[in-house]
Student: 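Here it is, the structure, as structure tokens.
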Amino acid sequence: MTGVALAGELTLDPATLGRLLPLHLRIDARGEILSHGPLLARIAGAALVGARLWQAFDIRQPARPRDVAELLSRAGGRVRLSPATGHGADLRGLALALPDGGALLATGLGIGIVDAVRRHALTQDDLGPGSLAPELLYLVEANAAVRAELHRLTARLHGAQKAAKAEALTDTLTGLENRRAFGIALDRALERGAGFALLHMDLDHFKPVNDRFGHAAGDQVLASVARVLRGVTRAGDHVARIGGDEFVLLLAGPLRPDRLEGVFSRILRGVARPIRHDGNLCRVTASLGAVWVPAGARPVEGDLMRMADEALYAAKRDGRGRAVLVHHPP
Amino acid sequence: MQGLVCRSIERFLTNSRGPAIWSRVAARAGMDGAAVEAFLPVAPDLPDRLLKAAAAELRLPVPAVLEDMGTHLVTHPACEGIRRLLRFGGADYADFLHSLQDLPARAALALPELALPAIGVEERQTGRFSISIAAGLPGFGHLAAGMLRAMADDYGALALLRLKAGRAGACRIALELADADHAAPRSFALATAGAA
């Protein structure tokens with residue numbers, strides 16, 4: 001039996017009303033709580049029957065009603081209230097006049113349902129028929145799962161993008177910069193206007209090594225030369241492989257021009273050391289053309305490269321295995 | 001949608017059999033690398049290739065792989081969210097079965113691309129259910145059978161299932177709820193996502 005008597009009007013006993021409206025309150029004309037839905041007690045966290053509405057709840061809407069009549073007459077019957085204990089959820093709903101001068105407050109939790117379910121360990125039975133709470137909670141779960149997947153995807157794409165960018169600026173064989181990366185570094189050095197040195201380096205006798213001992217031997221020579229160049233450069237310097245056996249260096253870290261000779265001889269000595277590959281001894285030397293650009297000189301990039309090329313040519317012409325340094329005018 | 005299905009297959013194989021098995025299945029299916037993204041496009045026949053590759057690798061027929069996957073989606077700790085979502089459906093197993101009719105619409109709330117086929121639930125006599133799954137997602141019936149068996153365990157109920165396959169993935173599952181209180185149900189509370 002459901003406790004519902006049907007005549008011209010409808011009679012519901014409190015238990016049945018509680019099943020239909022788990023969050024309702026019934027008050028008499030003086031505001032004393034006569035009965036309430038089963039969920040309301042759990043949310044309010046306090047005994048309610050016999051208490052005054054004004055004692056048990058803070059009424060936020062309507063503003064400061066002085067009695068039940070005011071509660072019913074203002075704001076179209078809309079109410080907002082929360083338990084006076086301070087740790088319950090906000091309730092919102094309707095206040096309806098009853099024939100005895102009292103009122104029926106039919107309320108719900110609105111968005112507060114999500115938190116209330118967790119806090120009070122509610123189940124579907126607590127929420128009343130037709131409650132959309134399961135759908136809402138379903139959406140919350142699914143949303144969290146989808147966002148986790150998207151977060152994962154974004155992180156992966158971001159990582160891939162970073163790797164792709166780095167690859168675009170690297171010479172695969174030696175791990176040095178490539179032409180594009182070097183171009184960017186040179187532009188920056190030209191803009192900065194501080195003093196720097198540009199070196200254009202070529203390997204002598206590289207082709208015979210490839211021809212005699214094979215490409216694997218040639219690759220090992222290039223890798224070894226790259227190590228030598230990395231060894232003489234410091235933070236702020238750039239080293240790039242821009243052709244088969246062609247290298248360029250930008251020495252932009254703090255450097256005095258009179259120290260350049262020391263750098264050259266370290267490079268020349270390092271490259272001239274024979275490299276062992278598969279029992280064969282590979283011998284190459286380096287020819288170097290270098291331009292020193294004093295601070296504030298403002299050279300044109302094309303001119304600078306031409307000066308370095310001409311210096312390199314001079315080194316080759318003068319017998320190879322040596323460095324030629326020219327100074328850019330201030 | 002296909003990306004999502006493939007990602008589910010990846011997670012199922014990785015979590016239940018290990019990453020090495022998944023790599024082999026991906027290679028067998030002709031995938032370029034072993035990574036699947038749920039939200040990037042994939043070849044439309046990739047789910048099918050993956051299932052066939054998984055079946056060959058695990059030495060099981062494809063329906064058995066799908067059933068395993070259905071069970072996995074309910075029982076594996078990494079899929080706790082899915083289990084909770086299904087438990088929303090009902091306070092007991094019978095209620096849960098009736099709520100399956102709402103499943104396609106609920107899934108569409110978060111993932112409209114997923115497009116689960118319509119599910120009909122008829123309780124012909126008390127405890128005797130006929131669950132019909134419309135065509136459109138081949139294999140879904142087998143997956144569902146695995147899930148339904150695992151959910152019965154979850155609720156502590158004893159259920160007997162028989163699946164009758166139709167065309168294009170449509171099927172009918174005859175389910176007999178032999179005992180609703182066969183064992184203690186697994187504990188469950190609505191809404192713990194995001195609580196940590």
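Throughout, a chain's letter reflects where its sequence line sits, starting with A, and its residues are numbered from 1.
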Student: So E80(B) and E141(A), do their side chains get closer than 4.5 Å, heavy atoms only?
Tutor: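 No, their side chains stay 4.5 Å or more apart.
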Student: Is it the case that over 12 heavy atoms from other parts of the model lie below 6.0 angstrom from the NE2 atom of H98(B)?
Tutor: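 Counting other residues, nucleotides and ligands, NE2 of H98(B) exceeds 12 neighbours.
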Student: Quick one: which residues of residues 37-44 of chain B reach chain A at under 4.5 angstrom, heavy atoms only?
Tutor: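 E37(B), A38(B), F39(B), L40(B) fall under the 4.5 Å cut-off.
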Student: Below 4.5 Å from any heavy atom of chain A, which atoms of A105(B) appear? Answer side chain, backbone, both or neither.
Tutor: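 For A105(B), neither part sits under 4.5 Å from chain A.
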Student: Does R147(A) have more than 12 heavy atoms from other residues, nucleotides or ligands lying within 6.0 Å of its CZ?
Tutor: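 12 or below, so no.
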Student: For the CG atom on D181(B), are there more than 12 heavy atoms of other groups (residues, nucleotides or ligands in this structure) within a distance under 6.0 Å?
Tutor: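 Counting neighbours around CG of D181(B), 12 or fewer heavy atoms of other residues, nucleotides or ligands fall under 6.0 Å, so no.
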Student: Just wondering, more than 12 heavy atoms not from R128(B) lying within 6.0 Å of its CZ?
Tutor: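 No - once you tally the heavy atoms of other residues, nucleotides and ligands closer than 6.0 Å, there are 12 at most.
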Student: Could you please state which residues from residues 171-185 of chain A sit under 4.5 angstrom from chain B, measuring non-hydrogen atom to non-hydrogen atom, sorted by number, or 'none'?
Tutor: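 Within residues 171-185 of chain A, no residue comes under 4.5 Å from chain B.
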